[in-house]
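Below is one structure; the comments refer to it alone.
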Amino acid sequence: MKTHRIALVPGDGIGKEVIPAGRTVLEALAAAHPDLHFDFELFDWGGDYYRRHGLMMPADGLDALRKKDAILFGSAGDPDIPDHITLWGLRLKICQGLDQYANIRPTRILPGIESPLRHCRTEDLDWVIVRENSEGEYSGVGGRAHQGQPLEVATDLSLMTRAGVERILRFAFRLAASRPRKLLTVITKSNAQRHAMVMWDEIAAQVASEFPAVTWDKELVDAATARMVNRPASLDTIVATNLHADILSDLAAALAGSLGIAPTANLNPERVTPSMFEPIHGSAFDIMGKGLANPIGTFWSIVLMLEHLGEPHAAQQLMHAIEQVTANPSLHTRDLGGTATTAAVTEAVCAQLAAAKRHTAHA
Ligand code: IPM
Ligand code: MG
């Protein structure tokens with residue numbers, strides 16, 4: 001029997017509501033499975049921590065996280081602190097510090113959820129976006145000089161390494177090979193970005209030769225947005241650079257019905273360091289503290305976490321419970337046009353898990 005050591009990092013805004021909801025669901029799962037155990041540690045990092053200590057997380061925070069099996073993260077962002085400080089001081093510090101280079105964003109239209117695409121059937125939109133998560137446009141390399149002067153200059157360098165590009169493309173081809181359609185679309189912009197993106201394309205072709213079973217194509221990022229809207233069924237696994245995938249994954253989440261549902265895994269696939277799981281939505285100050293946040297994005301992220309922890313049965317059970325709940329419009333939160341609260345959705349998912357347990361016990 002294994003105990004999974006989970007770091008809880010709620011962060012800011014509605015992160016402080018959805019992460020406790022996630023813990024409740026994990027406890028309900030553990031109660032339903034005698035072999036499943038979690039040991040939680042809560043880290044109160046984020047905006048309030050910054051106001052007290054001048055840092056978003058302690059200098060040795062990564063060492064504390066390295067001792068865990070997985071991290072469940074809420075969101076980073078604070079109305080009174082510049083976004084680049086909250087982001088680089090917490091979320092990116094963890095992702096880059098723990099080399100979580102593969103960011104995975106599955107998108108499906110869950111039961112009971114409506115896509116804004118008029119003719120889109122559930123089976124037409126079943127994507128996984130693989131986002132390069134360690135370099136590219138988010139390398140952090142750049143600078144400013146002559147601030148406030150007419151000569152002021154600022155740069156953000158998009159940095160791509162052969163090693164970084166190779167590992168993310170190999171990860172994406174492997175993931176595509178594991179999915180039924182074995183279909184991969186490599187997003188590029190090598191028509192305009194004539195150095196790094198051309199290398200990206202070359203490496204894609206090289207890595208593709210290792211995966212003869214995968215059908216793959218290339219799509220320019222701008223054309224990809226139109227294709228997602230007009231021909232969603234032509235896509236399955238999608239791989240893109242850090243910024244391209246950031247943008248495409250918001251579009252994907254919106255096309256699947258709501259940003260409140262979409263999950264993310266920040267993986268270190270080699271498992272040298274713990275991986276981090278988080279809802280895609282931000283801190284949503286407009287609704288924070290009101291109990292209105294949709295916890296489904298967190299619950300679905302927990303499904304990804306359970307899969308990563310080698311608990312496929314619990315993962316499946318939780319996904320099933322989530323789908324039972326989304327299928328019921330009276331359990332929709334405000335982002336889905338409903339009036340349900342975070343607590344009501346959480347209770348409903350826990351009730352499904354408990355019912356599944358009773359059902360198994362009687363079978
Ligand atoms: C995401 C988010 C972040 C990002 C924000 C909060 C900086 O949009 O996870 O997609 O751009 O990476
Ligand atoms: Mg984003």
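This one's a predicted model, so the numbers in the text were calculated from it and none came from an experiment. FYI, the numbering just counts along the sequence from 1. Indexing begins at 1, ligand by ligand and atom by atom, following the structure's order.
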* To do: Take L87 and D83, measure what side chain to side chain contact (heavy atoms under 4.5 Å, CB included) needs, and give me the verdict at the end.
  => CA-CA 6 Å; L87 180 70; D83 286 340; 5.8 Å; no

* Enumerate the atoms of ligand 1 whose separation from the nearest heavy atom of L87 is less than 4.0 angstrom. => 7 (C)

* Could you tell me whether H53 atom NE2 has more than 12 heavy atoms of other residues or ligands within 6.0 Å of it? => yes

* Are there more than 12 heavy atoms of other residues, nucleotides or ligands under 6.0 Å from atom CZ of R52? -> yes

* Protein heavy atom at shortest distance from atom 4 (C) of ligand 1 ->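 For atom 4 (C) of ligand 1, the nearest protein heavy atom comes out as Y138 OH, 3.5 Å.
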
* To do: Identify the protein heavy atom lying closest to atom 3 (C) of ligand 1, giving its residue, its atom name and the separation to 0.1 Å.
  =>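 Heavy-atom neighbour on the protein nearest atom 3 (C) of ligand 1: R91 NH1, 4.1 Å.
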
For ligand 1, which part of [X] has a heavy atom less than 4.0 Å away: the side chain, the backbone, both, or neither?
X	result
R105	side chain
R131	side chain
E278	neither

* Tell me, please, if D246 has any N/O/S atom, main chain or side chain, under 2.8 Å from the Mg ion (ligand 2)? =>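 D246 does place an N, O or S atom closer than 2.8 Å to the Mg ion (ligand 2).
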
* side chain to side chain donor-acceptor pair (under 3.5 Å) assessment of Q317 paired with H33 -> CA-CA 11 Å; Q317 219 169 39; H33 288 263; 2.5 Å; yes

* To do: Work out which heavy atom in G140 is nearest to a heavy atom in W88; give both atom names and the distance.
  =>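 Distance-wise, the nearest heavy atoms are CA-CH2, 3.5 Å.
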
* Work out whether the distance between some heavy atom of D246 and some atom of ligand 1 is less than 4.0 Å. => yes

* Kindly assign one of parallel, tilted or perpendicular to the pair H4 and F38, based on the angle between their ring planes and the thresholds 30° and 60°. => tilted

